[in-house]
Amino acid sequence: MVFQAARPNSLPQVGLAKVHLEKLRRRDFVAGSALIDGRWIGGDQRDVVVDPATGEVIAEVARCGAADMNLAIEAAQRSFAQWRDLLPERRGAILRTWASLMLAHVEELAVLLTCEQGKPLAEARYEIGYGAGFLQWFAAEGERAYGETIPSHKPGSVLQVRMQPAGVAAAITPWNFPVAMITRKAGAAMAAGCPVVVKPAPETPLSALALARLAEEAGVPPGVFQVLVGNPIELSKPLLRDARVRALSFTGSTEVGRLLLQGAAETVKKVSLELGGHAPFIIFDDVDLDKAVKGAMAAKFATSGQDCLAANRMYVQRGIYSAFVERLSAAITRLRVGHGLEATTDIGPMTKSSVAEKCRAQIADAMAKGARVVSGKQDRVFGQNFVCPTLLSDVTDDMLISGEETFGPVAAVLPFGSEEEVLARANCSEMGLAAYVYTDSLRRALRLSENIEYGMVGINTASFTGPPIPFGGWKQSGLGREGSRHGIQEYMELKYVCFGDLVD
Ligand code: NAD
């Protein structure tokens, strides 16, 4: 047995999150009110926020319902014309101020994020900078949302294409990046001229509400950025049904993405979806093994594995298979598991116990079908949300882990022979978000990058995300793109105008 259940009341870390939250200079970051139409709503009904490392209640937040969401949509619609008509440079200035405030409060926001999400504090700090980067990027993109002039096919006419804001936007965001997934959507929407209503994941509302406090301070007008926390189905229904909500952006599971796409069909909204991944990480035997191991560690264990870019299938060419497994195992054994607030922690808890259970189920299935647990024995047990970083070797294509996203710190290694074989196996997935290839051959890298069916490909690197890149997937990994110059288009409509009869 690899995993043991812990007794939650014997955990040494209980109270750690509360101590850190009590030290926050900004007490309003944990006030737990919703922001609707420029007003902070405490609400009669409250939901609790827990520290995923200990299960301890660390805060309460207002539970909003459908009526609150309707008020928010109305407020957003009222604010639309004024926000749309601001000069792009003025909207950009507000977004930049908001980003500066995030950076000025990086430590407090990072503590908040770690307390509710669980990721190590260093990763939380990184996320605040990453998240602020989207506001800065889109501040400038809004100023460059150029249209076109088309060489005319009609005598005596001028043909123009304008880009105009679509209207009220809705953002339904996940718990794995509670800050950056909001700014990546809201930054684009607001730069385009659209007000945004955000429904964050119920597990991580504090980061979203803190962002709302800072947005208000940055001068975002009432109704332009609103945050409501509550039951996902109850809150999403009005967003889907209301025709005034013109754009919907979602990050999360493919299952929920499908439901939202169906729901949005009724009012034919613009929909962008960033859904699950199942990244192949392909290593050829011509590589520098140390670099490949370093890349594999980064691609697998960032955010404790709870990342849609995470390497889910590590295909390793037979010539280096044993050596790779040995070195990866040594690196995994060095990872330290613990509370995200402890400075030594590399791997925190899973934010949701269902994610930890899924990891355990995949490990059990793989072992039953002949995989080997190379590393992953727990000598220290923390609690039900923790998954010890695990390396499974001799994984085969019929195992659960080869077919479904893990979203946790479990590395699956599969041997392969030829380039042709590994390409076919890598593409044999309904997911198409990110893929990684490690090789020293330029020709092979070019061939694979051309033929692999994924929206983002890292060649000899595990680190490629950031505001300038078009983030998104093929197939059932999603629709549309976030970040980059493409991201703003998810919130804009094209308008073609033909000026005719120009010749007297
Ligand atoms: P989820 O899709 O249920 O949650 C994501 C967001 O959708 C949250 O805000 C949630 O409140 C909301 N949501 C859930 N059900 C909804 C509904 N019926 N209508 C409207 N909104 C709804 O994801 P999860 O269950 O928390 O995680 C399950 C799996 O999803 C993970 O293990 C992972 O594979 C995947 N996931 C992917 C990402 C990503 O970055 N692409 C993020 C989170 C989860």
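Just follow the structure's listing: the first ligand is 1, and inside any ligand the first atom is 1. The chain is numbered in sequence order, starting from 1. Computed from a predicted structure; not experimentally measured.
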Fill in the blank from the handout: Closest to atom 30 (O) of ligand 1 among protein heavy atoms sits S253 CB, 3.0 Å
Fill in the blank from the handout: From the list Y454, Y315, F281, ring-ring contact (aromatic ring centres under 6.0 Å, His included) with Y436 holds only for F281
Handout entry: Atom pair CG (L211) and CG (L35), whose distance is rounded to the nearest 0.5 Å
Key = 11.5 Å
Problem - Within the 6.0 Å centroid threshold, strictly below: F138 and W98 - result: no
Handout entry: ligand 1 N/O within reach of C308 N/O, cut-off under 3.5 Å
Key = no
Fill in the blank from the handout: min-distance protein heavy atom vs atom 18 (N) of ligand 1 -> I233 CG1, 3.5 Å
Exercise for the section: Please check if a non-hydrogen protein atom sits closer than 4.0 Å to atom 40 (O) of ligand 1. Expected result: yes
Completion exercise
Logged contact type for F177 with ligand 1, heavy-atom cut-off 4.0 Å, is neither
Completion exercise
Of I172, V256, L240, the residue with the heavy atom nearest atom 17 (C) of ligand 1 is V256
Exercise for the section: Name the closest protein heavy atom to atom 9 (O) of ligand 1, giving the residue it belongs to and the distance to 0.1 Å. Expected result: T173 O, 2.7 Å
Exercise for the section: For atom 20 (C) of ligand 1, find the nearest protein heavy atom and state the residue, atom name and distance (0.1 Å precision). Expected result: S236 OG, 3.2 Å
Practice task
Could you tell me whether some N/O pair between K199 and ligand 1 is separated by less than 3.5 angstrom?
Solution key: yes
Handout entry: Contact check, side chains of E127 and Q117, non-hydrogen atoms, under 4.5 Å
Key = no
Practice task
Nearest 0.5 Å please: distance from the CZ atom of F407 over to the SG atom of C359.
Solution key: 10.0 Å
Handout entry: Over 12 non-hydrogen atoms of neighbours within 6.0 angstrom of CZ in R39
Key = no
Exercise for the section: List the closest protein heavy-atom neighbour of atom 38 (C) of ligand 1: residue, atom name, distance to the nearest 0.1 Å. Expected result: F407 CZ, 3.5 Å
Problem - Nearest non-hydrogen protein atom, atom 43 (C) of ligand 1 - result: P174 CB, 3.6 Å
Practice task
Check whether any N or O atom of T406, backbone or side chain, sits under 3.5 Å from an N or O atom of ligand 1, and answer yes or no.
Solution key: no
Handout entry: R485, CZ atom: more than 12 neighbouring heavy atoms under 6.0 Å
Key = no
Handout entry: Short side-chain donor-acceptor distance under 3.5 Å, E482 and S272
Key = no
Completion exercise
ligand 1 to K352, heavy atom cutoff 4.0 Å, flagged ligand atoms 24 (P), 25 (O), 26 (O)
Exercise for the section: Indicate, as side chain, backbone, both or neither, the part of L235 found under 4.0 angstrom from ligand 1 when only non-hydrogen atoms are considered. Expected result: neither
Completion exercise
If we number the atoms of ligand 1 from 1 as shown, the ones under 4.0 Å from a heavy atom of A201 are 8 (C), 9 (O)
Completion exercise
The closest protein heavy-atom partner of atom 26 (O) of ligand 1 is W175 NE1, 2.5 Å
Handout entry: Modelled atom types, side-chain donor and acceptor of K269 and T267, under 3.5 Å
Key = yes
Exercise for the section: Please work out whether the ring planes of Y130 and F134 are parallel, tilted or perpendicular, with thresholds of 30° and 60°. Expected result: perpendicular
Exercise for the section: Decide yes or no for L391 and L328: does some side-chain heavy atom of the first lie under 4.5 Å from some side-chain heavy atom of the second? Expected result: yes
Exercise for the section: Could you verify whether a donor N or O on one side chain and an acceptor N or O on the other, from S402 and D397, lie under 3.5 Å apart? Expected result: no
Problem - Numbering as shown, the atoms of ligand 1 that approach T251 to under 4.0 Å (heavy-atom distance) - result: 5 (C), 39 (C), 40 (O), 41 (N)
Exercise for the section: Check each heavy atom of P232 against ligand 1 and say whether those closer than 4.0 Å belong to the side chain, the backbone, both or neither. Expected result: both
Exercise for the section: Would you mind telling me if ligand 1 is within reach of the side chain of E274, the backbone, both or neither, using heavy atoms under 4.0 Å? Expected result: both
Completion exercise
Near E405 (heavy-atom distance under 4.0 Å), the atoms of ligand 1 are 33 (C), 34 (O), 35 (C)
Practice task
Can you pull out the closest protein heavy atom to atom 7 (O) of ligand 1? Residue, atom name and distance to 0.1 Å, please.
Solution key: F250 CE1, 3.2 Å
Practice task
Say whether E203 and T351, considering side chains only, have a donor N or O and an acceptor N or O under 3.5 Å apart.
Solution key: no
Practice task
For ligand 1, note which part of L260 has a heavy atom under 4.0 Å away: side chain, backbone, both or neither.
Solution key: side chain
Completion exercise
Under 4.0 Å from one or more heavy atoms of L275, ligand 1 contributes atoms 41 (N)
Handout entry: Contact check, side chains of V229 and P200, non-hydrogen atoms, under 4.5 Å
Key = yes
